[in-house]
Amino acid sequence: MSTNAAAAERLSTIATLLEILGEDKFRVFAHQKAARAVEAMTQDLTTLAQSKWGGAELLKIDGIGPKTADKLIEFVTTGTMTELEELKAKVPAGLLEVLAIPGMGPKTVALVWKDLGVVDLAGLKAAIADGRLLTLPRMGEKAVGKIKMAIEMLAQSAGRLRLGIAMPIAQRVAAQMHNAKGAGVKRAAFAGSLRRGKETIGDIDILVVAADAQKAAEAFCTMPGVRQVIAKGENKCSVRMSIDLDESRWSGDPEMAGSETKAAVADAVKRPTVQVDLRVIPASSWGAALMYFTGSKEHNIKLRERAQKMGLTLNEYGLFPDDKAADKPPQQRGVKAVASATEESIFTALGLAFVPPELREDRGETELKATPRLIEVADITSELHAHTTASDGSMSIVELAEHMKSRGMHTIAVTDHSQSSAIAGGLKPKALREHIAAIAQAQKAVKGITLLAGSEVDILASGELDYQDDLLAELDIVVASPHSGLSQDSETATKRLLKAIAHPLVHILGHPTGRLINRRRGLEPDMAAVIAAAKEHDVALEINAHWMRLDLRDTHVKAAVEAGCLIAINCDVHAKEDADNLLYGVTTARRGWLTPEQCINTWTAAKLHGWLKKKRQ
DNA sequence: GCCGTTTTCGGCCCGACTGTTTTCAGTCG
């Protein structure tokens, strides 16, 4: 784990422990905010904190004050935080897993701990089994039953759903709500972290405008696949829904696969349910609700703070004048909203440029003077990372070319694996030379798309490339990627990647960390150094669009974009349907604030081919 | 614990749902 992530995790744990101890909730909130700030930092904390002005630099970050800065410097210097150690001595470690149970908040956790001596999950289960939990105030049969159910559900859950699994489910649910009989649904859309395009999703939020809210709720709770109705109110319902693996797009990428793909598929099958929330919204509040439920929470807080400074109050029904009447929310007292029907109108009323959903993470988006022209799927006109039957793909060269042409690409790079990736059928030098000839031959058969002869060359553990330079020089394009030795320490990994980037024949650094979301952490290089080197050597950093990878990740993309680095968005095509993953790659790019010009896949054929040839002269 | 275009002290985002209550605390998003 990177130092930043480790420090953020510790601050977050401090917040949680303070919460259990019943400390001031604003202190808790401050620690949570600081943790998020550290998590979002693009500079390396170690480098920053140890520099002469490190402390002052830390204080410039919103949410980090003198106390937190001290804790961070202490952590970087000594590897520990005294405050955390002291808190850990007071609170049993097992209570953290108890707090993770939905329905068990800090107050209840403190209660079972103090009154029943529960110190971990096993203790809680025992207290449920022998009826002691029922003896607590505000604990009835129903409350205990819910906790029991939540424990069972948690045991089945394998964590957050990957974007590529959640998206098709959400699209299907939204479509089903549109067609709900008798409910008169006028609008239906998904919101939440899915709309923001996060790489993993905790639950799915569906919003509808319906003539008959009750019928809409009824239709929602009785959809195929609903396993349990968690809550069913007038405006809000929550269900747990089975995940049907057939809904998610999966391609057999044997490189990930061998055991990895099978494990990932098994993982998705094992995770049986996902929580889906429905909100029924008045048509006039559509924009406010969409905004509110899209989040993120941090972004919403920023907007509400801003509204408050302007004498306004913002909730899921609209932006209202703040008349300080505390008895009831404004929409229940007939107060007329300043703005509510569209997101655009609310941003405008707040004096802000419209913020695309992918940017709503409180990473500076409310400072924007104008809405940036972010990259879109339609901007992409080339695919620069694809495999054929020569290694581990399922299409021939001609099939691949025809398919990518039908997807509107002017260029397709054929980049089969190199010799060290034996499991993926990597090509020996002789086979690669024959493949180069075969690609030239295929070009004669296919018109209207340029075929490039390339390779996805392994970056060996040492940082050396998997072919000799004379062979690499024969290729139109070289994508250099790490495939093995992915548990190297950070320093070794950094050296390895820097060496590959500095190689004069390399165009693109493919899936730079080699991570697999929810499965493999991958390399954790000093990303600032990698980005600086890529910029210096005119190497594009790849966003691998497969939803298992999304590598670079969003925060790395943002740092690379800020540094002026070139970015490639590639589907790493092995099979036809892999081209559909482009949406996820572009979404990740948008989360990193990428504009079209900085992405080589949007360039005209002339510009792209010219750039590639520069490294062949 | 952090922060300042009313503030260096006194605030700090907002509403729905649930289960237990007899008016609300706790949790969630």
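Lettering follows sequence order; numbering is per chain, from 1.
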Any donor-acceptor N/O pair, [X] side chain to [Y] backbone, under 3.5 Å:
X	Y	result
A/R279	A/A289	no
A/D526	A/A528	yes
A/T135	A/G131	no
A/N315	A/G318	yes

Please pick, from [options], the nucleotide with the shortest atom-to-atom distance to any side-chain atom of [X].
X	options	result
A/T108	B/dC12, B/dT27, B/dG15	B/dT27
A/H31	B/dT18, B/dG1, B/dT27	B/dG1
A/P66	B/dC14, B/dC2, B/dC24	B/dC2
A/Y317	B/dA16, B/dT27, B/dG1	B/dA16
A/R138	B/dG19, B/dG15, B/dG29	B/dG19
A/D203	B/dG15, B/dG29, B/dG1	B/dG29
A/T313	B/dC14, B/dG1, B/dG19	B/dC14
A/K67	B/dC2, B/dC14, B/dT20	B/dC2
A/D277	B/dG29, B/dC28, B/dC2	B/dG29
A/A231	B/dC3, B/dC17, B/dG15	B/dC17

Using the [atom1] atom as the reference point in each nucleotide, state the distance between [N] and [M] in Å, no decimals.
N	M	atom1	answer
B/dG4	B/dT8	P	13 Å
B/dT20	B/dA25	C1'	9 Å
B/dG10	B/dG15	P	26 Å
B/dC2	B/dT7	C1'	13 Å
B/dA16	B/dC12	C1'	22 Å
B/dT23	B/dT18	C1'	15 Å
B/dC9	B/dC14	C1'	25 Å

What is the distance, to the nearest angstrom, from the [atom1] atom on [X] to the [atom2] atom on [N]?
X	N	atom1	atom2	value
A/E19	B/dT27	CD	C1'	11 Å
A/R160	B/dG29	CZ	C1'	12 Å
A/K33	B/dC3	NZ	C1'	8 Å
A/K107	B/dT18	NZ	P	21 Å
A/F293	B/dC28	CZ	P	16 Å
A/D24	B/dC12	CG	P	12 Å
A/L111	B/dA25	CG	C1'	12 Å
A/L133	B/dT20	CG	P	11 Å

Select base, sugar-phosphate, or nothing to describe what [X] touches, counting heavy atoms under 4.0 Å on all strands.
X	value
A/K232	sugar-phosphate
A/G192	nothing
A/L303	nothing
A/P106	sugar-phosphate
A/K25	nothing
A/Y292	base
A/E141	sugar-phosphate
A/N300	nothing

Practice task
Mind telling me if B/dT6 is syn or anti? Syn here is a glycosidic angle within 90° of 0.
Solution key: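 Base orientation relative to the sugar is anti.
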Handout entry: Residue whose closest nucleotide on DNA chain B lies nearer the 5' end, A/A69 versus A/D205
Key =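 Result of the comparison: A/A69.
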Practice task
Identify, between A/R27 and A/K236, the residue whose nearest nucleotide on DNA chain B lies closer to the 5' end.
Solution key: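 Nearest nucleotide further toward 5': that of A/R27.
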Handout entry: Pair A/E83 + A/R27: basic N to acidic O under 4.0 Å
Key =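 Counted as a salt bridge, because a side-chain N and a carboxylate O are separated by less than 4.0 Å.
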Handout entry: A/N315 side-chain N/O to B/dG15 phosphate OP1/OP2 under 4.0 Å
Key =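 It does, given that an N or O in the side chain of A/N315 lies less than 4.0 Å from OP1 or OP2 of B/dG15.
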Exercise for the section: Look at the side-chain N and O atoms of A/S238 and state whether any lies under 4.0 Å from the OP1 or OP2 oxygen of B/dC17. Expected result: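 For B/dC17, OP1/OP2 do not have a side-chain N/O of A/S238 under 4.0 Å.
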Problem - Pair A/E85-A/T80, side-chain donor/acceptor within less than 3.5 Å - result: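 There is no such pair between these side chains.
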Exercise for the section: Please step through side-chain contact (heavy atoms from CB on, under 4.5 Å) for the pair A/R160 and A/K198, ending with a clear verdict. Expected result: CA-CA 11 Å; A/R160 296 171 63 89; A/K198 274 196 78 168; 4.2 Å; yes
Exercise for the section: Determine whether A/D203 and A/D277 make a side-chain contact, defined as any pair of heavy atoms from C-beta on separated by less than 4.5 Å. Expected result: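 In contact.
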Practice task
Sort out the partner of B/dT8 for me: Watson-Crick or G-U wobble, both distances under 3.5 Å, none otherwise.
Solution key: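 WC or wobble partner does not exist here.
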